[in-house]
Undergrad: 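Quick one: this structure, given as structure tokens, is what I'll be asking you about.
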Amino acid sequence: MIRHLAIALSGFIFAIGLGVAEMTRPEKVIAFLDLFGNWDPSLAFVMGGAVLVYAITFPIISKRDRPFFSPRFYLPTRKDLDKRLIVGGALFGIGWGLGGFCPGPALTGAAAGVTSAFIFVPAMLIGIFIADRFLQPKTA
Amino acid sequence: METLFTPVTAALGGALIGLAATLLLATEGRIAGISGILAGLFNKDSERMGPLPWQALFVGGMVLGGILLALFAPQLVSSEVNLSAGWLVAAGLIVGVGTRVGNGCTSGHGVCGLSRFSARSLVATLSFMTAGFLTVFITRTLGLGVFG
């Protein structure tokens, strides 16, 4: 039970963090991406705050034999730089710049009843489904 | 689009995001990448917690967070962006496909990956940031989407 709660609490804190950081306001995201317009650098501080915390805690935690509630760590092991990484990233950036939503804030916004997120999130889930169903490398 | 520069609350919110990612890592050993977590909802191989994949619990927590934000701090989730449904659907589809093809988004590659000094995440982050800057520059110049 505590295991379930810890996962849900992580998601909860994540969403509150997105709200406090105002990443849940697409206009804030667009203003951050608008380098040559009325640029608002606030979101760089969101990344800064998050990276600062996780860069400190990650090495400490990952040194343990295992996490508290699960048998092992599930960490990315790939090191190769391939075309999919760059093309996928670029596609994501285009969608992010168009709508002002990345996945976390979109989900949080939809839960908060933001109309545009209601439309964005189902489309995003369909995109995720399509990519995983039809666009994964055959060897995977 | 004129918004206020809010470095303190931005950093504080970021720290909360880092804390949430830390909690998930410490308890489950998982990376808090939202696109990957959402994809896990559809993956029949995802580890179950009762009847649901573990990702559903995380998403449930996020949904609860979103509801509380709407109730107690609606100014943080109300949007002034007027985007047509067509643009929203296109943006959503592209974000969904892109994050899966590139294996991550702002949280997985951006926050968690950069903190782990992952070269893959650095490349992905540079790619989506550059594309985001260019997209907004182009749409503003041409009067499309948000700027149309």
Side-chain angles (χ1 to χ4, degrees), chain A residues 6-8 10-17 19-21 24 26-28 30-31 33-35 38 40 42 45-46 49-51 53-55 57 61 67-70 73-74 81 85-86 88-99 102-104 108 111-112 119-120 123-124 127-128 131, chain B residues 1-3 6-7 10-11 13-18 20-30 34-35 39 57-58 61-63 65-66 69-70 76-77 79-81 85 88-89 91-102 105-106 111 114-115 124 127-128 131-133 135-136 145:
Chain A
I7 299 173
S10 308
F12 179 77
I13 297 172
F14 202 103
I16 299 298
V20 170
T24 40
E27 66 269 32
K28 196 83 176 160
I30 300 283
L33 294 175
D34 197 7
L35 267 187
N38 291 310
D40 173 0
S42 301
F45 289 77
V46 183
V51 166
V53 170
Y54 201 70
T57 58
I61 294 168
F68 287 100
F69 301 144
S70 106
F73 287 100
Y74 301 83
L81 305 175
L85 186 73
I86 297 167
L91 276 177
F92 162 47
I94 292 170
W96 193 35
L98 282 179
C102 54
T108 308
I119 302 171
F120 183 94
M124 174 176 76
I128 286 174
Chain B
M1 221 142 304
E2 197 96 43
T3 55
T6 51
L16 281 173
I17 293 167
T22 298
L23 179 61
L24 189 67
L25 178 76
T27 56
E28 290 296 322
R30 305 268 185 184
I34 306 302
S35 56
L57 287 165
F58 189 93
M62 286 191 75
V63 168
L69 283 170
L76 297 178
V77 283
S79 171
E80 298 158 18
V81 172
L88 283 166
V89 169
L93 280 172
I94 298 170
V95 166
V97 169
T99 53
R100 293 313 296 151
V101 170
C105 57
T106 13
V111 174
L114 293 186
S115 307
S127 181
F128 70 67
F133 286 133
T135 301
V136 169

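Every value quoted in this text rests on a predicted model; they were computed, and no experiment measured them. Each chain gets a letter, A, B and so on, in the order the sequences are listed, and its residues count up from 1.
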Undergrad: For A:F68, does the CZ atom have more than 12 heavy-atom neighbours from other residues, nucleotides or ligands under 6.0 Å away?
TA: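 Open: at most 12 neighbouring heavy atoms sit under 6.0 Å from CZ of A:F68.
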
Undergrad: Among A:Y74, A:W96, A:F73, A:F69, who wins on heavy-atom pairs under 4.5 Å with chain B?
TA: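 Of A:Y74, A:W96, A:F73, A:F69, A:Y74 has the most heavy-atom pairs under 4.5 Å with chain B.
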
Undergrad: With a 4.5 Å cut-off on side-chain heavy atoms, are B:E28 and A:I7 touching?
TA: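 Heavy-atom side-chain distance check passes, below 4.5 Å.
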
Undergrad: Measure the shortest side-chain to side-chain distance between B:V111 and B:T106 over non-hydrogen atoms and say whether it is less than 4.5 angstrom.
TA: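 They are not in contact (no side-chain heavy atoms under 4.5 Å apart), so the answer is no.
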
Undergrad: As an exercise: rank A:I16, A:T108, A:V51 by heavy-atom pairs under 4.5 Å with chain B and give me the winner.
TA: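 Highest number of pairs under 4.5 Å: A:V51.
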
Undergrad: Under a 4.5 Å heavy-atom cutoff, which of B:L24, B:L25, B:L23 has the most pairs with chain A?
TA: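 Ranked by contacts with chain A, first place is B:L25.
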
Undergrad: Between chain A and each of B:A11, B:A91, B:A70, B:A85, count heavy-atom pairs under 4.5 Å; write down the option with the most.
TA: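 Counting heavy-atom pairs under 4.5 Å, the top option is B:A91.
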
Undergrad: Tell me which of these, A:G89, A:G97, A:A31, has more heavy-atom pairs under 4.5 Å with chain B than the rest.
TA: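 That would be A:G89.
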
Undergrad: Name the option with the most non-hydrogen atom pairs under 4.5 Å to chain B; the candidates are A:T57, A:V53, A:I128.
TA: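 Option with the greatest count: A:I128.
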
Undergrad: Apply side-chain contact (heavy atoms from CB on, under 4.5 Å) to A:L85 and list each qualifying residue two or more places apart in sequence or on a separate chain.
TA: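 A:L85 satisfies side-chain contact (heavy atoms from CB on, under 4.5 Å) with A:L81, A:D82, B:H109, B:R120, B:V123, B:A124 once adjacent residues are dropped.
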
Undergrad: Highest number of heavy-atom pairs under 4.5 Å with chain A: which of B:G18, B:G102, B:S35, B:A10?
TA: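 Answer, by heavy-atom pair count under 4.5 Å with chain A: B:A10.
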
Undergrad: For each of B:S115, B:A20, B:G13, tally heavy-atom pairs with chain A at distances under 4.5 Å, and name the one with the top tally.
TA: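 When all of B:S115, B:A20, B:G13 are compared, B:S115 has the most.
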
Undergrad: Rounded to the nearest 0.5 Å, what's the gap from CG on B:L76 to NZ on A:K28? Could you check?
TA: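 Atom-to-atom, B:L76:CG and A:K28:NZ are 10.5 Å apart.
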
Undergrad: So which of B:G132, B:G65, B:G145 has the largest heavy-atom pair count under 4.5 angstrom toward chain A?
TA: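 So the answer, after comparing B:G132, B:G65, B:G145, is B:G132.
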
Undergrad: Output the option from A:A6, A:A90, A:P67, A:G19 having the highest count of non-hydrogen pairs under 4.5 Å with chain B.
TA: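 It is A:P67.
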
Undergrad: Would you mind reporting whether B:V101 and A:F92 have side-chain heavy atoms less than 4.5 Å apart?
TA: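 A:F92 does not reach B:V101 side chain to side chain.
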
Undergrad: Show the nearest heavy-atom pair for residues A:D40 and B:T6, with the distance to one decimal.
TA: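 Taking every non-hydrogen atom into account, OD1-N, 4.5 Å.
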
Undergrad: Heavy-atom pairs under 4.5 Å with chain A are the metric here; pick the option from B:L69, B:V77, B:V63 that has the most.
TA: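 Winner by heavy-atom pair count: B:V77.
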
Undergrad: Please classify the contact of B:T3 with chain A as side chain, backbone, both or neither, using a heavy-atom distance under 4.5 Å.
TA: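 Both backbone and side chain of B:T3 come within 4.5 Å of chain A.
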
Undergrad: Counting heavy-atom pairs under 4.5 Å with chain B, which one of A:A112, A:S10, A:A8, A:P103 comes out on top?
TA: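 Greatest number of close heavy-atom pairs with chain B: A:S10.
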
Undergrad: How far apart are the closest heavy atoms of A:F14 and B:M62, and which atoms are they?
TA: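 Minimum heavy-atom separation between A:F14 and B:M62: CD2-CE, 4.1 Å.
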
Undergrad: Evaluate the side-chain proximity of B:T22 to A:I61: yes if any heavy-atom separation is below 4.5 Å, no if none is.
TA: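 Of all side-chain heavy-atom pairs linking B:T22 with A:I61, at least one is under 4.5 Å.
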
